[in-house]
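So the structure is just underneath, and the comments pick up after that.
Residue numbering restarts at 1 for every chain, and letters A, B, ... go by the order of the sequence lines.
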Number of protein chains: 2
Amino acid sequence: MREDGEQDDRLGARRVRMLDVANALGLSRATVSLVMRNSPLVSEATRSAVLVEAERLGYIYNQAAANLRTQRNDLVGLVMPDVMNPFVAEVSLGVQEVLGEVGLFVMIANTVDRVDLQRQILRSLVGHRAAGVVTIPALTSTADHFADIRRSGLPTVLLLRHIDGVELPFVGTDEAAIGRLGAEHLITVHGCRRVAYFGGDPLASPRVGRMETFRRAVTEAAADWDATWSEPLEATPDAAYRRAAELLAAGPPPDGVLCHSDNVAYGLAKALRLGTPDAAPCAVLGIDDLHQSAMWNPSISSVATDPVELGRVCGRVLLAEMGMPVEGSCTPPAPEIHARASCGCH
Amino acid sequence: MREDGEQDDRLGARRVRMLDVANALGLSRATVSLVMRNSPLVSEATRSAVLVEAERLGYIYNQAAANLRTQRNDLVGLVMPDVMNPFVAEVSLGVQEVLGEVGLFVMIANTVDRVDLQRQILRSLVGHRAAGVVTIPALTSTADHFADIRRSGLPTVLLLRHIDGVELPFVGTDEAAIGRLGAEHLITVHGCRRVAYFGGDPLASPRVGRMETFRRAVTEAAADWDATWSEPLEATPDAAYRRAAELLAAGPPPDGVLCHSDNVAYGLAKALRLGTPDAAPCAVLGIDDLHQSAMWNPSISSVATDPVELGRVCGRVLLAEMGMPVEGSCTPPAPEIHARASCGCH
DNA sequence: CGTGGGTGCACCAATAGCTTC
DNA sequence: TGAAGCTATTGGTGCACCCAC
């Protein structure tokens, strides 16, 4: 029987285990375990003795081993296609707020919108027996990219992008309301006569739903629809700027544009600013109302979707999925117009 | 001996283990293990039989158990004070790029700049035996907030904010060069006569180093130093805007301002824009050159620190710390001026 | 004869190193 | 020699049980 209790402080010394702490005090592993978990089943004297000795030996609790035994884990993965998009950051705030309250631990993984990476990350999360996942699926995701995770039973919430054939809980914005509000504001309030829906990826995206009601409302109001400006487009400011600059060079823009997101509106705003100085005014409306949109120049008017609250809702839906008690709404907030300068309101 | 090989597909069916797959085929666990790890030690026939059966049974590899045995893990934590800051997103891109190449798996945790949360997250990462950590310490961090992680031996890289008494590898920007370049550009190129360093938290922050050389250069050039505008300030656009609006209401601004970061410059730019229309021009220079700064109006001139490359450097330093081979530079890139409109260059 | 305080051991799901055919 | 098996090991947890007041 080797004496394991005595550890030295040399670099590379063998890692201290719970057993070492127990041996050093002549106790059993079970007792030390109870202390580490703050169980009331152990006397105050023993508890403090254990804590002191653990500290002295430099013992570090191995959560991974505990998780293996209990089949539980407190890590929730946020699997997101683009961490550069501020929308993602705002959502993460909400998720963290709700899940942090019940002791869950949120971390963000970046798929860079690549399905292979997304698959690898999801597999890894399943393999690590994470507590849950909230994800905005990569654009080209199909049902079988989620086969693994569905079969694993890992509680999962899909955000924003719905995928055909995947029956996982879904949290999304009210696309119909967004389209309607956008059309209303541009046409009724600003009297636009030729409008477009600018940007947004063609696939697995809220674009379809938003554009549908938007376009219907436009038709009903007898305004013109600009199909060229309404072609799909990657939802980044860069892509939006390039496309808008191109279209502006070819001719005058519509007089009202609903952008797929504020992120897209930023690019359009830049293109309009650098375009011909005395061009006819173009009312620009974003979607989301990201935090920084008020800071922009011109300040961006937007159909607010409240991304932080959207994150909270995801958190709550995930809790429900995990069979935990939930307080607060599990329904995304209703979108509303936040009018600023870019549409001409201020 | 219970037959474990036959699993049904009911919800809640017992989780399939490696042993179940082995039993179903009359093989040993070890063989299945080799297959799952793509070992060449197993025949092609056996390998495919195992894969097919694993798929059929819905077996999911338990990475956590494997990690326990091998004492290894592929998760690297990015522990960041504010995921709303685009700087963090850019850094994460670089870290992920470098670490992803060697099969490491990066996730971002948000401390919201709270030391208690930071401590909890670091403990959790240590407890989960993560492969490594890259962190921008929370503002009020002290050496003993890092005692746990230091003792644990978990490879850790500190980014940007140095902490007294913590001898962990540190990656930071060249503050002296930043201060010097900033002063040079404002004073020599634009002829500013009264300048300030705007924003940045007072503690554990690059502010001190940057301001020192900046101020010295200003003095040497016999320009005036505006102490009021140079008071410390939380590094968010909101805080910057509020402070700047306040100061502008009280009197004219300096004619040249070096902002602690682009994030701060955004707020100042808004305040200047909303200020008196015929005020004397104020040259604004940010620091970092975030991706979106080119999109801003006015486009933000900046002392570029290349956050993505900074992230790559962190990744490489971490690899070195983990004893892995490293290719590429472990030194942060030299800062350089990216001149745009906000300082008056375009 | 409870009961507070603590022990012993099977178990979680894999891997490593050695043996065997 | 190539393929597979055996068994100890990883660091904890849950539970049945035990002992002494």
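The interatomic distance linking B/N62 (CG) with C/dC11 (P) rounds to 18 Å, in whole Å. One interatomic measurement links the two molecules: CG of A/N23 to C1' of D/dG11, which rounds to 14 Å at whole-angstrom precision. In this entry the distance linking CG of B/N73 with C1' of D/dT10 reads 14 Å, nearest Å. A/R17 has its CZ atom 7 Å from the P atom of D/dT10, to the nearest Å. The CZ atom of B/R37 sits 12 Å away from the C1' atom of C/dA13 (whole-angstrom rounding). Between B/L34 atom CG and D/dA3 atom C1' the separation is 10 Å, expressed in whole Å. Rounded to an integer number of Å, the gap from B/R69 CZ to D/dT9 C1' is 4 Å. Between B/R29 atom CZ and C/dA16 atom P the separation is 13 Å, expressed in whole Å.
The residue B/G26 sits close only to the backbone: its heavy atoms come under 4.0 Å of sugar-phosphate atoms, none of a base. At the heavy-atom level, A/R47 lies nowhere under 4.0 Å from the strands shown. Residue contacts shown for A/I60 are limited to sugar-phosphate atoms, with no base heavy atom under 4.0 Å away.
Residues meeting the side-chain hydrogen bond (donor to acceptor under 3.5 Å, both in side chains) test with B/S28, sequence neighbours left out: B/T31.
In this model, no donor atom of one side chain and acceptor atom of the other lie less than 3.5 Å apart for A/N67 and A/H128.
Counting only heavy atoms from C-beta on, B/T46 has its side chain closest to D/dA4 among C/dA13, D/dA4, D/dT13. With C/dT7, D/dG12, D/dG5 as the choices, the nucleotide that has an atom nearest any side-chain atom of A/A66 turns out to be D/dG12. Side-chain atoms of A/S28 lie closest to C/dG8 of the nucleotides D/dG14, C/dG8, D/dG5.
Applying the side-chain contact (heavy atoms from CB on, under 4.5 Å) test between A/L125 and each of A/T156, A/V79, A/T135 identifies A/V79 as the sole match.
Proximity of A/T70 to the phosphate of C/dC12: no side-chain N or O atom is located under 4.0 Å from OP1 or OP2. The side chain of A/S43 places no N or O atom within less than 4.0 Å of a non-bridging phosphate oxygen (OP1 or OP2) of C/dG4.
Projected onto DNA chain D by closest heavy-atom contact, B/Q71 and B/A30 fall at different nucleotides, the more 5' of which corresponds to B/A30. Heavy-atom nearest nucleotides on DNA chain D were determined for A/L68 and for B/E44, and the one closer to the 5' end corresponds to B/E44.
Side chains of B/V166 and B/L158 form a contact here, defined as non-hydrogen atoms less than 4.5 Å apart. Between B/R129 and A/I60 there is a side-chain heavy-atom pair separated by less than 4.5 Å.
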